[in-house]
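Just below is one structure, and these are the notes that go with it.
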Amino acid sequence: MDLDYTPTDDAFRAEVRSWLEANVPQDARAKVLNHQRLSREDIANWHKLLGTKGWSAPAWPAEWGGPGWTEAQRHIWDAECGRIGAPPVLPFGVSMVAPVIMKYGNEAQKRQYLPRILSGEDWWCQGYSEPGSGSDLASLRTKAVREGDHYVVNGQKTWTTLGQHADMMFCLVRTDPAAKKQEGISFLLIDMKTPGITVRPIITLDEDHEVNEVFFEDVKVPLENLVGEENRGWTYAKYLLGHERTGIARVGASNRELAFLKHVALNQKKNGKPLLHDPVFASRVAAVEIELMALEVTAERVIASSSNGRGPGPEASMLKIKGTEIQQALTELMVDAVGPLAAPFDPEFLEGEHAHSAAGDDDAAPLAAYYFNYRKTSIYGGSNEIQKNIIAQMILGI
């Protein structure tokens with residue numbers, strides 16, 4: 001099944017493009033296009049602006065405040081946001097926990113959390129990975145013991161992206177240690193201001209504070225914050241991961257980065273000619289471009305096939321694998337294109353604290369940090385090796 005575009009979709013594309021051109025904050029857009037780091041305010045302000053337009057949650061049904069767009073319109077939105085360099089809408093609330101709440105949450109949870117996710121009032125983070133429980137997520141050890149009208153949570157999560165800013169966490173916890181590991185897990189919604197929660201930064205190689213460790217010490221979580229049934233959290237976690245893996249493909253952003261790569265390669269010289277005209281380098285760029293075109297078609301098919309409301313299936317693993325491989329290939333080609341010019345490290349430029357790099361080449365200055373940061377994409381959301389196992393088992397029947 002493929003997406004079918006109509007004249008109405010063409011008009012929608014023109015509307016979206018015009019609105020984005022007029023409304024994307026120029027300072028945040030410049031950071032995206034220049035591979036600089038976005039601040040909390042950049043991301044939060046963009047989400048709130050989209051909320052006032054009713055466009056902060058493209059995949060949501062109109063019933064819960066979404067635009068009720070078709071699959072084709074959602075694909076157009078992603079492509080246009082990627083083309084212009086719009087800041088991202090963080091997926092943790094809009095694209096990850098919200099679908100779980102819609103499908104498995106009770107009415108009180110839907111009324112309480114969904115409007116605040118839509119408006120950007122609540123910033124969410126993900127409590128999945130633990131030390132020793134990465135790809136083997138079902139081996140997690142953070143436990144929740146039921147006491148009266150609440151759970152008492154103890155344990156540790158790690159690699160918690162932007163957890164230092166979060167108001168809420170959706171968290172997998174072990175509620176039945178005697179059960180088989182997939183069957184003793186529950187899905188909790190945790191207020192990050194609850195006493196007993198400690199967030200500690202993990203500073204990455206590029207001196208960025210993007211990820212964190214989160215510690216729980218006798219943290220009391222009300223029983224009403226349990227989503228669905230106790231010990232059924234693994235079902236909800238898999239449903240959520242399908243949505244996460246579809247979003248990780250980032251086709252629109254990769255198309256923008258492909259254009260940037262070509263721009264850089266045209267400005268670099270080899271034997272007196274633009275690097276992009278070198279047959280060997282040009283063939284590497286062409287190979288990635290072909291892969292990206294194939295990924296876009298595959299993404300359209302997955303989106304179209306998930307329109308029945310069942311959510312993304314194991315096909316999302318294909319998008320995750322190929323999408324992240326393409327992202328990594330693009331960053332590698334960028335660094336190869338500029339060569340030694342990527343070596344200087346200018347953290348102030350990366351933070352957007354001054355307009356131009358001290359190294360004197362604004363295109364090249366952020367590329368080493370950008371390259372290293374994108375090594376993570378084949379790991380998060382379930383490592384690509386695990387995704388291949390899912391494809392083998394769920395699609396090929398091996």
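If you read the sequence from its start, that first residue is 1, and numbering goes on from there.
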Note: with side-chain heavy atoms under 4.5 Å as the link, the other cluster members for Leu350 come out as Phe345

Would a 4.5 Å heavy-atom cut-off, applied to side chains only, mark [X] and [Y] as touching?
X: Phe216; Y: Val173; value: no
X: His277; Y: Leu266; value: yes
X: Phe170; Y: Tyr236; value: no
X: Ile197; Y: Ile190; value: yes
X: Phe372; Y: Thr331; value: no
X: Leu258; Y: Val285; value: yes
X: Phe92; Y: Trp123; value: no
X: Arg83; Y: Asn255; value: no

Count I, L, V, M, F, W, Y as connected when their side-chain heavy atoms are under 4.5 Å apart, and connections chain through other members. Are [X] and [Y] then in the same cluster?
X: Ile101; Y: Leu226; answer: no
X: Phe215; Y: Val153; answer: no
X: Trp159; Y: Leu137; answer: no
X: Val100; Y: Leu188; answer: no
X: Met192; Y: Ile117; answer: no

About how many Å separate [atom2] of [Y] and [atom1] of [X], when rounded to the nearest 0.5 Å?
X: Leu261; Y: Leu330; atom1: CG; atom2: CG; answer: 6.5 Å
X: Lys157; Y: Ser129; atom1: NZ; atom2: OG; answer: 8.0 Å
X: Glu332; Y: Arg284; atom1: CD; atom2: CZ; answer: 6.0 Å
X: Leu50; Y: Ser119; atom1: CG; atom2: OG; answer: 12.0 Å
X: Glu289; Y: Ile326; atom1: CD; atom2: CD1; answer: 11.0 Å
X: Thr160; Y: Arg200; atom1: OG1; atom2: CZ; answer: 13.0 Å

Test Asn384 against every option in Lys322, Lys320, Glu325 by the side chain to side chain donor-acceptor pair (under 3.5 Å) rule and name the one that passes.
-> Lys320

Any donor-acceptor pair under 3.5 Å from [X] side chain to [Y] backbone:
X: His47; Y: Leu118; value: yes
X: Arg13; Y: Ile76; value: no
X: Asp363; Y: Val264; value: no
X: Gln36; Y: Pro366; value: no
X: Asn212; Y: Val214; value: no
X: Asn154; Y: Lys143; value: no
X: Gln26; Y: Val24; value: yes
X: Trp60; Y: Val94; value: yes
X: Glu224; Y: Asp149; value: no
X: Asp9; Y: Thr6; value: yes

Which pairs, with at least one residue in residues 173-184 and sequence neighbours excluded, count as a salt bridge (charged side-chain N to carboxylate O under 4.0 Å, His left out)?
-> Asp136-Lys181, Lys180-Glu183

Can you see which heavy atom on [X] is nearest to which on [Y], and at what distance?
X: Pro61; Y: Met102; answer: CD-SD, 4.0 Å
X: Val288; Y: Ala329; answer: CG2-CB, 3.9 Å
X: Leu172; Y: Ala237; answer: CD1-CB, 3.8 Å
X: Gly105; Y: Gln109; answer: CA-OE1, 3.2 Å
X: Gln268; Y: Ala337; answer: CG-O, 3.4 Å
X: Leu276; Y: Ala282; answer: O-CB, 3.3 Å

Do you know which of Gln164, His209, Glu213 makes side-chain contact (heavy atoms from CB on, under 4.5 Å) with Pro201?
-> His209

Donor + acceptor pair across side chains of Glu257, Tyr374 (<3.5 Å) | no

Examine the side chains of Ser139 and Ser133 and answer whether a donor and an acceptor come within less than 3.5 Å of each other.
-> yes

Parallel, tilted or perpendicular, as decided by the 30° and 60° cut-offs, for the rings of Trp19 and Trp46 | tilted

Could you check whether the rings of Trp55 and Trp77 sit parallel, tilted or perpendicular, using 30° and 60° as the cut-offs?
-> perpendicular

Would Arg375 count as a cation-pi partner of Tyr371, with NZ or CZ less than 6.0 Å from the six-membered ring centre and within 45° of the ring normal?
-> yes

Under a 4.0 Å N-O cut-off, is there an ion pair linking Lys48 with Glu41?
-> no

Salt bridge Lys376-Glu210, side-chain N to carboxylate O under 4.0 Å | yes

Might you work through the side-chain hydrogen bond (donor to acceptor under 3.5 Å, both in side chains) test for Glu130 and Thr142, ending with a clear yes or no?
-> CA-CA 8 Å; Glu130 299 183 5; Thr142 295; 2.8 Å; yes

Given Asp206 and Arg37, is the side-chain contact (heavy atoms from CB on, under 4.5 Å) satisfied, shown in steps?
-> CA-CA 11 Å; Asp206 56 356; Arg37 295 168 183 159; 3.4 Å; yes

Heavy-atom neighbours of Glu15 CD exceed 12 at 6.0 Å | yes

NZ (Lys220) with more than 12 external heavy atoms under 6.0 Å = no

Proximity of Phe187 and Tyr104 rings by center, below 6.0 Å = no

Please assess Thr198 against Glu217 for the test side-chain contact (heavy atoms from CB on, under 4.5 Å), listing each intermediate value before the final yes or no.
-> CA-CA 8 Å; Thr198 302; Glu217 185 175 355; over 6 Å; no

Would Cys125 and Leu162 count as a side-chain contact (heavy atoms from CB on, under 4.5 Å) if you check the C-alpha gap in whole Å, the side-chain angles of each, and the deciding distance to 0.1 Å?
-> CA-CA 7 Å; Cys125 66; Leu162 300 177; over 6 Å; no

Can you list the steps and then say if Ile43 with Leu90 is a side-chain contact (heavy atoms from CB on, under 4.5 Å)?
-> CA-CA 8 Å; Ile43 296 170; Leu90 289 182; 3.7 Å; yes

